Structure formats: C-alpha cells, structure tokens
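This report concerns only the one structure given below.
Throughout, protein chains are lettered first and strands after them, A, B, ... in sequence-line order, and every chain is numbered starting at 1. Given the structure is predicted, the values throughout are model-derived calculations rather than measurements.
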Amino acid sequence: MAKVPRSFRLLSELEHGEKGIGDGSCSYGLKDSDDIAMYEWNGTVLGPPHSAYENRIFSLSIYCGDKYPDAPPLVKFESRINLPCVNQQGLVDFARVASISQWKREFTLETVLVELRRDMASPANRKTAQPAEGTEFPPLDLAALAKQRKV
Amino acid sequence: MSLPKRILKETERLMADSPPGISAAPKDDNLRHFDVTVAGPESSPYEGGVFKLELFLPEEYPMNPPKVRFLTKIYHPNIDKLGRICLDILKDKWSPALQIRTVLLSIQALLGAPNPDDPLANDVAQNWKEDEKGAIAQAKEWTRVYAH
C-alpha cells in the first residue's frame, strides 16, 4: 500500500473534521487556520449520556508531531476531568486506553476522540465523580514536550 | 514496496527531462512523495520566485489524481493558507491520461492566470476583484518575501 505522508493525511483529516463527524459528539480542527505545518489542533468531546460526564463539553489540545501518524499525537485535556488515562497535567496516557494503547498508523484524530469518549462511558469510569465544571488544567507547552519525546 | 511501472517511467522522465522552471524528485523514504519546485512564470506577479510544493501519488493513481500542495506561502486566489490548490484537473476533471508533468505545468499556468471567480482563498479573491492592482502588488511582495 502507498504510504500517505503526514501532510496529506492531516489535510484529509482536516477536511473530514470540517464536515463534522458522525453525530457531533466529537469534533476537531486546526488551532491556527494558516499553520501550514499543521502541528496544533483543538478537539472537543461531548460527555456521553447516562454518565458523570453527561452534558459537559470537554476541550482538548492536540499536537501532531513530525512523526504522526506513525506515532500517536500528544493529547491534553484543557477541561479538568477525572479519568484514569488522564494525568494531573491533563495529558492522555495512551497506554491506559486499551483500544488505542497499541498505536496503529490507520488511527486518526477522530479515532482518538471517539475512543476517549468510549472510555468515559465504560463501566469502570462512567460513575467517577468529576471536578467542578468550568475548571481547567494548567497550560502546557505541547510543542516542547513533543520535541522532548521525539514525536 | 514495488512501484507500478507507470510511476517509475514518469519519475525517470521527470528527473531526466523536466519542463522549464519545474523540478520534481521523489523522497528517499517514499517514492510516491515528491519534492517539487515551480518557478513563477514571466510577467506574472510571481516572476522571480521559486515555490516549493509537495506531491503525493495515492494508491489509486493514476485512476485518481495526485495530491499536491504549496509549501511556500503564496498570495493567489486559487491557493489557500494551507497551500491547497483549486484546480479542476486535481478534482473532477482528472483523467488517467494526465501525468505528474501535466499537473505541474497546469499549476505553473495557474500562477500566470489567477482566477478570482473560482476562489479557494476567499479574502484573496475578493481583494483581487475589488483592487486588482493592490492584489498584484501584494502577490509580488509575498513572492519577494517568501519565495526566494
């Protein structure tokens, strides 16, 4: 199979995201619409129904490094959340989301957001008490972190 | 990963005998992914500039068109901020009889003939229609700043 380069892969993800994904429970787009390198993205996840996350909109920052999609993006919740895969800084630990712990090149930003939402709705997590709405994790320099982690 | 013969042939010919003002070479780690340069056509606002682009031949090529975008910032009504190009042969007017060479020549021609009536970058197109002189000056300025 032809290996789609990072740039064209991200352009097609962008177009897909602009059209809106499925039922609108997740969305994403470029943080800065003229970032030609397409590093920084915003995402949102709508808390799943019948869970402690219901009726909340979670904002996320996503950083697609030079190695994406061979390596996973860096994903950070901006909205505070209690979820085992999210650390004290808001960073998502992919190793703790079973469905995407083994990163595959076919996975997309949509996959990541949909799987995070599924993780919220899982029997183990859906009743976890949540922080006050409207609170945020402290800011984090994802670009520097990406450089450090070489992603 | 073996490449279809058609792609090998096209690559060989591009490397040996590229059209004037155009260069295209596959990357070492992905022979379907090309580094491209296009010189701005004479007597266009882009004259004197050298623009970098990237081109990718998807699995379905040549049944589907190549994917191309500008990497150099350019002020043009049919090219947006991410370098995406509005050109019919890259979309519904694609035919497998076209080649990488014809695509790059068409892109070079597009630089010589901006079409603000079929815009991709709306703000640029509007400026182009309302103040063509100003838009051309802006395109020249961006060429000077970004395409050297």
Side-chain angles (χ1 to χ4, degrees), chain A residues 1-21 27-44 61-74 103-111 113 142-143 146-147 149-151, chain B residues 1-4 6-8 10-11 24-36 51-76 79-87 90-91 100 103 120-124 142 145-147:
Chain A
M1 277 299 278
K3 191 176 170 186
V4 181
R6 175 187 179 281
S7 53
F8 291 107
R9 165 64 182 270
L10 284 174
L11 283 177
S12 71
E13 289 200 44
L14 179 66
E15 273 153 39
H16 179 67
E18 280 166 350
K19 280 180 202 146
I21 316 167
S27 70
Y28 62 88
L30 269 182
K31 195 161 266 184
D32 174 0
S33 66
D34 60 2
D35 173 15
I36 207 156
M38 298 179 280
Y39 286 126
E40 296 183 50
W41 299 67
N42 292 319
T44 61
S61 293
I62 304 166
Y63 190 93
C64 295
D66 291 320
K67 295 210 175 115
Y68 181 85
D70 291 315
L74 294 177
W103 181 257
K104 292 196 180 81
R105 200 173 202 275
E106 306 87 86
F107 292 166
T108 61
L109 299 182
E110 177 180 3
T111 315
L113 296 177
L142 290 182
K147 203 168 271 179
R149 291 192 182 175
K150 298 194 169 69
V151 292
Chain B
M1 194 172 14
S2 76
L3 277 182
R6 152 126 182 199
I7 295 180
L8 288 171
E10 279 199 54
T11 306
K27 290 180 184 281
D28 294 334
D29 63 345
N30 187 347
L31 297 174
R32 290 172 174 268
H33 191 194
F34 290 72
D35 288 313
V36 174
F51 297 86
K52 285 189 189 157
L53 297 87
E54 58 178 333
L55 177 145
F56 172 66
L57 303 173
E59 181 71 22
E60 303 77 16
Y61 181 83
M63 295 318 290
N64 286 357
K67 296 185 180 294
V68 197
R69 74 158 182 156
F70 276 79
L71 293 170
T72 305
K73 243 171 110 84
I74 182 165
Y75 195 80
H76 189 293
I79 301 164
D80 77 2
K81 291 174 182 173
L82 295 177
R84 292 178 288 190
I85 307 164
C86 181
L87 185 63
L90 291 176
K91 296 180 179 132
I100 303 173
V103 165
L120 192 58
N122 279 310
D123 49 335
V124 179
W142 280 32
V145 173
Y146 301 112

Close contacts, residues 62-70 of chain A versus chain B, judged by heavy atoms under 4.5 Å: none
Could you list which of residues 10-17 of chain A have a heavy atom closer than 4.5 Å to any heavy atom of chain B, in residue-number order? A:Leu11, A:Leu14, A:Glu15
Kindly give the heavy-atom pair with the smallest separation between [X] and [Y], and that separation in Å.
{"X": "A:Leu109", "Y": "A:Pro73", "result": "CD2-CG, 3.9 Å"}
{"X": "A:Leu113", "Y": "A:Ser27", "result": "CD1-O, 3.4 Å"}
{"X": "B:Pro66", "Y": "B:Leu57", "result": "CB-CD2, 3.9 Å"}
{"X": "B:Trp142", "Y": "B:Ile74", "result": "CE3-C, 3.6 Å"}
{"X": "B:Ala24", "Y": "B:Val36", "result": "CB-CG2, 4.1 Å"}

Has A:Arg105 got a side-chain atom pairing as donor or acceptor with A:Val4's backbone, closer than 3.5 angstrom? yes
Go through the atoms of B:Leu55 and report whether side chain, backbone, both or neither lie under 4.5 Å from a heavy atom of chain A. backbone
If you count heavy-atom pairs under 4.5 Å between each of B:Arg69, B:His33, B:Lys27 and chain A, which one has the most? B:Arg69
So with a 6.0 Å cut-off around CG of B:Asp28, is the heavy-atom count from everything else above 12? no
Hits for side-chain hydrogen bond (donor to acceptor under 3.5 Å, both in side chains) against B:Thr11, two or more places apart or cross-chain, chain-then-number order -> none
Quick note, side chain to side chain donor-acceptor pair (under 3.5 Å) partners involving residues 58-67 of chain B, not counting sequence neighbours, are B:Arg6-B:Tyr61, B:Glu10-B:Tyr61
Do we see a donor-acceptor contact under 3.5 Å between the side chains of A:Ser61 and A:Glu40? no
